[in-house]
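So the structure is just underneath, and the comments pick up after that.
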Number of protein chains: 2
Amino acid sequence: MAKLAGVSEATVSRVLNNVGPIKEETRERVLQAAKELGYVPNALAQQFARRRSGNIGVILPFVPKVHLFSTYYFSEILSGIGESAKRFGYDLLLIFREPDGARDYVKLFRTQKIDACVMLGSQDVPEERAALAELKREGYPFCLVNQRFEGEGFDTVDADHVTGSMEAVRHLLEQGKRSIAFVNGPEQYSSSGDRLEGYRAALAEAGIPFRQELVYAGNYSRKSGYELSADMAGPIRTGTIDAVFAANDRMAIGLMNGLREAGLEPGLHYSLVGYDDSDGSRIVSPRLSTVAVPFYEMGRLAAARLLDAEQREQAEPAPPGTLPVSFVQRETS
Amino acid sequence: MAKLAGVSEATVSRVLNNVGPIKEETRERVLQAAKELGYVPNALAQQFARRRSGNIGVILPFVPKVHLFSTYYFSEILSGIGESAKRFGYDLLLIFREPDGARDYVKLFRTQKIDACVMLGSQDVPEERAALAELKREGYPFCLVNQRFEGEGFDTVDADHVTGSMEAVRHLLEQGKRSIAFVNGPEQYSSSGDRLEGYRAALAEAGIPFRQELVYAGNYSRKSGYELSADMAGPIRTGTIDAVFAANDRMAIGLMNGLREAGLEPGLHYSLVGYDDSDGSRIVSPRLSTVAVPFYEMGRLAAARLLDAEQREQAEPAPPGTLPVSFVQRETS
DNA sequence: TGTCATAATGTACGCGTGTACATTGAATTC
DNA sequence: GAATTCAATGTACACGCGTACATTATGACA
């Protein structure tokens, strides 16, 4: 191109990439020529020559119709990842998991489509664990967000859901509640285990025995919370349950709606605390007490960590980042 | 690679791309060798050689903290785009607009990073209009979703917000309401204009004069709806307003919450209809009447159209697609 | 002035595919 | 049996950049 600016292609490349010593005058001449011709480097050629795509992959759960997971959750994390990506000059390649459960993450790296990858919404099931272990074995950089795999040593950015749950339950205890039910999500998510742990810890701390029959199993969907209301309405009426801690806002809201149909109001007949501080928690009435999770920050950190390591070519896996969460009291407790 | 399978690289390429005549036996030999070696074509080299990235760009508004726009809205559209992309073998490259308003869309194409592009959340402002016009002038394929630019002939997938709004207002009229306020969003969005048009048409149809003082300006955020409640509480009490049609659910919900603080309940002191059929509309109480928009389908269609055209190398711009919406009655009206 | 170190630039080639064109081989036709 | 045709494959090169290495300019120093 700008050979028409009296210099070799190599020099052009050097100028544009700021590599090697360049006479100031030459640099300006090249940049001037590039501007005049409206020259834009071909990213495909660059990627090919550099053997790096400059893309960071973001793996998302398969969602034909986004509804099991909170869109809030993903939007926040995604924005955070985007923030870091921009800062490091990377682009985001969005990848939905296959519906059939196939997860050939290695292929994504082998084809060079991505240089690193952030995993969202992954579950601790054997196939996933194996797929990630292979990824790690092959040395490809990836980072999990909001999901740990015990004993694998995967790079992870998580939030302190144990403490978050403890605080939520402590709060209910402070309100004088003694029969606190817990609506949890599937155990494939490490955060479910964390929350159960926090729930138990808070009870233990208060000298209250844990009772399995107060633990209800949902799947993080609003519907599952709604359906559990049928089982819980009775115990709430009789006082066998005087408060509910739900593992996410969606279930809490579903439960709340279901109990309302049974004539039970949160904050009046029972206390209710959700988890996530999602949009929904602010718009229901009464407004839902919940636990705020720094999703944006988690995404930002996960990507930053990957790209930072990428740049210095180092492999030292940063210690799993665990970000603090905070209890938010509103009107349901 | 699979030259070790007794054939030239060219033949390997032909086999893998299904191009040209190939002896069945050769094909199998190549595929067998590829499998044995675990061969995976280098996507970067492919893209470079084909001069196509195989990426479809998705332009999103700049969102340091996602909150002005409904995350629901984008998640749905994004999923729809993902669906089409997968079907055509494309990947999604996520691109956030620059905060400073710079929008060098052309560069994205010139660098070959994307082959086509879907625009989300774009506004009809001079810079955007110019940027898109340039894109069109240069012949780069792109498609707008939920936003039209009159007189430009851009490829667009929109929803019939005029009819949707008419139905919403008709519904209120059928309920006997005669003083229907309208809370609209910024006029940079064509859908705002559409909704105003629908609002006026429905009034005209019923022989009710349009009154400018019943039109309130929000910005599609929940906060703006909340703030407008201060202005509207009085008129509602006096009966100067007996119903409100809001241009989206977020504003409707904000308004509802604000009016509640003033002691006014939707469905009781006034009727309320929102727009979007977002998650929020289902979880507030009373549940919000609204208008369902096929966002997923819109994303799916936009991408499908682009990629379809891409494949047949044709340039005939499909007629702007306008998808139907549907009124959903719930409890606030 | 000559030597040497360093700055600045040019030359040449590789990166891994896709593909136009050339070549070979086999089937068909007269 | 020669000519023709087309299937099947090989050969060669382009794609646009980055970069190792070679080369030349520049200045410091003796």
[atom1] of [X] versus [atom2] of [N]: gap in Å, rounded?
X	N	atom1	atom2	value
I22(A)	dA7(C)	CD1	P	12 Å
R52(A)	dC17(D)	CZ	P	16 Å
E25(B)	dA8(D)	CD	C1'	12 Å
R27(B)	dA7(D)	CZ	C1'	13 Å
K23(B)	dA26(C)	NZ	C1'	10 Å

*pair Q47(B)-Q112(B): side-chain heavy atoms closer than 4.5 Å*: no
*Flag the pair K136(A) / F142(A) as yes when at least one side-chain heavy-atom distance between them is below 4.5 Å, and no otherwise.*
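Side chain of K136(A) against side chain of F142(A), heavy atoms only: contact under 4.5 Å found.
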*Does R27(B) come within less than 4.0 Å of E24(B), counting only side-chain N to carboxylate O?*
yes
*Starting at the 5' end of nucleotides 12-20 of chain C, put B wherever the base has a protein heavy atom under 4.0 Å, S where only the sugar-phosphate does, and a dash everywhere else.*
---BBBBBB
_As a quick check of understanding, evaluate side-chain contact (heavy atoms from CB on, under 4.5 Å) for F295(A) and N146(A), giving each step before the final call._
CA-CA 9 Å; F295(A) 291 121; N146(A) 204 37; 4.2 Å; yes
*Is E187(A) atom CD crowded by more than 12 heavy atoms from other residues, nucleotides or ligands, each under 6.0 Å away?*
no
*State which of dT9(D), dA8(C), dG10(C) makes the closest approach to the side chain of P21(A).*
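Output: dA8(C).
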*Just by distance, with hydrogens left out, do E134(A) and Y140(A) show a side-chain donor and acceptor under 3.5 Å apart?*
no
